[in-house]
Amino acid sequence: MRKVLIAANWKMYKTPAEAKAFIDAFLPLVKDHTRDEIALFPSVTSLATVIAAAKGSNVSVGCQNIHFAEEGAYTGETSANMLTAIGGTHTLVGHSERRQYFAETDEIVNKKLHTALKHGLVPIVCVGEVLAQREGGKTEEVLRTQTVGAFVGITPETAKTIVIAYEPVWAIGTGKTATPEMAVEAHKIIRAEVAKLLGQPAADKMRILYGGSVKPDNASSLLNEVEIDGALVGGASLKPDSFAGIVQY
Ligand code: 13P
């Protein structure tokens with residue numbers, strides 16, 4: 001059985017004080033929740049605050065993005081080592097907003113994935129089609145290409161901790177959620193591609209999360225599908241009661 005992971009991507013929201021207020025309200029709401037894993041992805045300036053506040057709890061904390069290099073002249077970037085040094089355990093890799101606004105290619109996503117694994121971080125690799133690709137009948141091709149591109153050089157051994165998030169770009173921040181049937185179909189395509197690359201046992205173990213307008217009122221219909229191993233939540237993760245409602249789907 002794959003353990004469900006419910007993750008909050010706060011994007012470029014919340015000061016450290018706002019992040020601390022969230023954690024103080026959120027932890028009591030989920031303190032007895034052992035059924036699923038919970039992870040928060042605050043912005044870089046709130047990482048240390050959230051990691052300290054979540055210490056010893058059932059909530060993990062990670063970065064929304066890392067650079068693939070160990071260190072160097074990369075103004076504005078964060079290394080994997082910087083993240084692990086302050087106690088971060090997870091990282092998002094290749095979120096569609098990184099691909100769209102910061103020109104991240106499948107090759108860069110692949111490099112970042114290798115760096116994350118080298119540093120023992122749990123990576124959540126994001127894939128997903130844009131609206132024109134879905135409407136043009138290209139969803140399957142896009143998901144296969146992004147999965148293959150991300151997984152270059154990955155073996156069944158190194159893949160053990162990798163999580164994939166299927167986030168159809170047209171569903172992000174739009175209030176348009178993929179139906180459970182659409183998400184399941186996409187997850188099956190991704191899992192079949194992972195099976196081709198790494199073998200069926202590795203594919204069966206890999207968690208594939210859904211992201212895109214997940215809310216407390218649609219979480220259970222998505223998460224009750226056996227193909228959907230969790231959620232990556234943006235807007236609805238910014239309020240403690242709303243995110244706790246999703247965790248307790
Ligand atoms: P929304 O939940 O706001 O649609 O964002 C999804 C997302 O991009 C999570 O990474």
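Start at 1 and go down the list; that is how both ligands and their atoms are numbered. Note that these values count all heavy atoms, side chains included, but never hydrogens, waters or copies made by symmetry.
- Remark: ligand 1 and A236 share no N or O pair separated by less than 3.5 Å (distance only, no angle test).
- Note: an N/O pair closer than 3.5 Å links H95 and ligand 1 by distance alone.
- In E107, the CD atom is not crowded: 12 or fewer heavy atoms of neighbouring residues, nucleotides or ligands sit closer than 6.0 Å.
- Taking every non-hydrogen atom of S213 and a distance limit under 4.0 Å, the qualifying atoms of ligand 1 come out as 1 (P), 2 (O), 4 (O).
- In E185, the CD atom is not crowded: 12 or fewer heavy atoms of neighbouring residues, nucleotides or ligands sit closer than 6.0 Å.
- Considering only non-hydrogen protein atoms, atom 3 (O) of ligand 1 sits nearest to G235 N, 2.8 Å.
- Heavy atoms of I172 found under 4.0 angstrom from ligand 1 belong to the backbone as well as the side chain.
- An N or O contact shorter than 3.5 Å links G234 to ligand 1 by distance.
- Heavy-atom contacts of A171 reach the following atoms of ligand 1: 4 (O) (cutoff under 4.0 Å).
- By the neighbour-count criterion of 12 heavy atoms within 6.0 Å, atom NZ of K239 is sparsely surrounded, having that number or fewer from other residues, nucleotides or ligands.
- Atom numbering of ligand 1 starts at 1 in the shown order; those under 4.0 Å from a heavy atom of G173 are 1 (P), 3 (O), 4 (O).
- For Q100, the CD atom sits in a packed shell: over 12 heavy atoms of surrounding residues, nucleotides or ligands are nearer than 6.0 Å.
- By the 4.0 Å heavy-atom criterion, G211 is excluded from the residues contacting ligand 1.
- Salt-bridge formation is detected for the pair E193/R144: a Lys NZ or Arg NE/NH1/NH2 atom is positioned less than 4.0 Å from an Asp or Glu carboxylate oxygen.
- Of all protein heavy atoms, the one lying nearest to atom 5 (O) of ligand 1 is K11 NZ, 3.3 Å.
- Within ligand 1, the atoms closer than 4.0 Å to a non-hydrogen atom of G212 are 4 (O), 6 (C), numbered from 1 in the order shown.
- If you look at S237 next to ligand 1, there are no close heavy atoms at all, none under 4.0 Å.
- Taking a cutoff of 4.0 Å between a charged side-chain nitrogen and a carboxylate oxygen, K111 and D106 do not qualify as a salt bridge.
- Shown here is K11, whose NZ atom has more than 12 heavy atoms of other residues, nucleotides or ligands within 6.0 Å.
- In this structure, atom 9 (C) of ligand 1 lies nearest to the protein heavy atom E167 OE2, 2.9 Å.
- Salt bridge status for K188 with E227: absent, with no side-chain N to carboxylate O gap under 4.0 Å.
- Between K138 and E129 there is no salt bridge, since no side-chain nitrogen of the basic residue lies less than 4.0 Å from a carboxylate oxygen of the acidic one.
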